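Beneath this line is the structure, given in structure tokens, with notes to follow.
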Amino acid sequence: MKVAVLLGAPGAGKGTAAEGVCAATKYLHVATGDMLRDAVKKGTRFGVEAEAWMKRGELVPDSTIVAIVEERLNAGSGSDSYLFDGFPRTRQQAELLEASLGKLGAKVQHVFFLDAPRELLLSRLTGRRICRGCGRNYHVVNIPPKKSGVCDGCGGELYQRADDQEATIARRLDVYNAQTEALIAWYEKRGVLTRVNSARHRDEITGEIVRVLSRS
Ligand code: AP5
């Protein structure tokens with residue numbers, strides 16, 4: 001099994017990079033944020049538990065996240081290569097992932113830290129729009145659709161995420177600094193961290209990650 005992780009602040013471009021990397025490789029995109037939003041939409045037990053935390057820009061409890069990820073991995077995907085986006089996000093999640101993979105004789109082989117300055121994160125998050133139909137990601141200035149408010153791919157309506165309001169964005173960035181940033185050093189010590197300058201065109205970022213993945 002191959003496992004890689006995209007680590008970075010909200011708006012660093014994890015989801016955007018994951019789309020490009022997974023299109024160019026056999027890696028399967030596993031995004032805990034997307035899985036949680038889907039659970040909220042469907043009103044499942046996990047969704048009901050997660051919604052209030054997400055609305056406030058706080059992290060969902062580790063026990064819920066780990067249960068969701070395990071459920072996904074146990075569901076069987078036909079793939080043996082996973083690209084985690086937004087997971088792990090706490091030291092406890094990282095340790096639980098290490099333990100679960102250890103039981104399968106696997107480990108995290110690569111962690112890509114997407115690094116961008118705060119003002120860029122803010123402008124990316126406030127300008128983000130997502131397709132209600134297929135989930136494709138846009139930005140009103142950087143990656144605009146051909147027709148305003150309409151997805152180029154499926155023609156679906158574009159919407160703004162509930163947690164992309166300025167006050168919630170500020171809270172999410174603080175939570176990242178307090179609870180997730182320490183994972184950079186944690187993975188660096190394990191020798192698996194690659195720093196990626198994410199203040200560049202998405203194709204350059206994707207290309208760099210794909211080159212590293214294809215070497216192992
Ligand atoms: P999640 O959905 O994971 O949100 P996030 O980490 O805050 O990250 P974002 O999705 O906001 O940003 P991104 O880095 O993916 O950027 P994107 O590519 O979209 O989590 C949401 C919530 O769920 C959390 O707050 C928490 O409550 C909960 N949660 C999730 N996982 C959890 C966990 N493991 N533990 C506990 N709770 C968890 O890009 C942003 C914008 O910039 C887009 O508009 C895009 O088009 C644009 N853009 C991206 N890259 C570029 C580029 N290179 N050039 C120009 N524009 C770009």
Side-chain angles (χ1 to χ4, degrees), residues 5-22 29-41 46-47 49-70 72 83-97 112-117 119-131 135-145 151-152 158-165 168-181 183 196-209:
V5 169
L6 295 178
L7 180 66
K14 304 181 292 296
T16 304
E19 266 178 32
V21 171
C22 292
H29 184 191
V30 180
T32 43
D34 290 346
M35 288 154 72
L36 289 168
R37 278 184 289 280
D38 191 46
V40 170
K41 203 165 139 189
F46 288 140
E49 275 172 32
E51 190 173 18
W53 299 96
M54 295 173 79
K55 268 192 182 154
R56 291 198 302 271
E58 307 285 343
L59 293 187
V60 172
D62 290 336
S63 54
T64 307
I65 292 295
V66 170
I68 282 187
V69 171
E70 279 181 349
R72 175 66 175 267
L83 180 61
F84 286 110
D85 158 5
F87 173 83
R89 237 181 248 239
T90 63
R91 173 78 178 262
Q92 198 192 2
Q93 289 179 20
E95 285 171 354
L96 289 168
L97 177 64
F112 298 94
F113 165 49
L114 302 190
D115 193 11
E119 57 281 14
L120 185 61
L121 301 174
L122 288 170
S123 76
R124 281 185 179 172
L125 291 172
T126 49
R128 170 167 51 194
R129 298 293 181 271
I130 299 162
C131 174
R136 193 156 149 187
N137 212 325
Y138 293 87
H139 187 279
V140 288
V141 178
N142 304 335
I143 307 174
C151 177
D152 295 344
L158 303 188
Y159 76 99
Q160 185 169 29
R161 255 169 57 176
D163 60 352
D164 277 348
Q165 306 300 325
T168 317
I169 290 173
R171 182 66 197 140
R172 286 162 60 205
L173 291 173
D174 289 346
V175 167
Y176 167 79
N177 291 334
Q179 299 190 54
T180 307
E181 207 172 37
L183 288 180
V196 177
N197 171 8
S198 80
R200 290 179 296 164
H201 192 277
R202 59 182 166 163
D203 293 347
E204 288 178 55
I205 297 165
T206 300
E208 186 175 336
I209 295 173

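Here the structure is a predicted model, which means the values were calculated and not measured. Position 1 is the first residue of the sequence; numbering continues from there. Start at 1 and go down the list; that is how both ligands and their atoms are numbered.
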Exercise. Are Arg172 and Asp164 close enough for a salt bridge, meaning some N to O gap below 4.0 Å?
Worked result: yes
Problem set entry | Close side-chain approach of Leu173 and Pro10, heavy atoms under 4.5 Å | yes
For this session: Any chance you could measure Leu97, atom CG, to Ile65, atom CD1, to the nearest 0.5 Å?
Result: 12.5 Å
Exercise. With a 4.0 Å cut-off, would you call Glu208 and Arg200 a salt bridge?
Worked result: yes
Exercise. Should the pair Arg37-Asp34 be classified as a salt bridge under the 4.0 Å nitrogen-to-oxygen rule?
Worked result: yes
For this session: Please list, by chain and number, the protein residues whose heavy atoms come under 4.0 Å of ligand 1.
Result: Ala9, Pro10, Gly11, Ala12, Gly13, Lys14, Gly15, Thr16, Thr32, Gly33, Leu36, Arg37, Met54, Glu58, Leu59, Val60, Ile65, Gly86, Phe87, Arg89, Gln93, Arg124, Leu125, Arg128, Asn137, Tyr138, His139, Asn142, Ile143, Arg161, Asp163, Arg172, Arg200, His201, Arg202, Ile205
Exercise. Would Arg161 and Arg128 satisfy side-chain contact (heavy atoms from CB on, under 4.5 Å), going step by step from the backbone distance to the final call?
Worked result: CA-CA 8 Å; Arg161 255 169 57 176; Arg128 170 167 51 194; 3.3 Å; yes
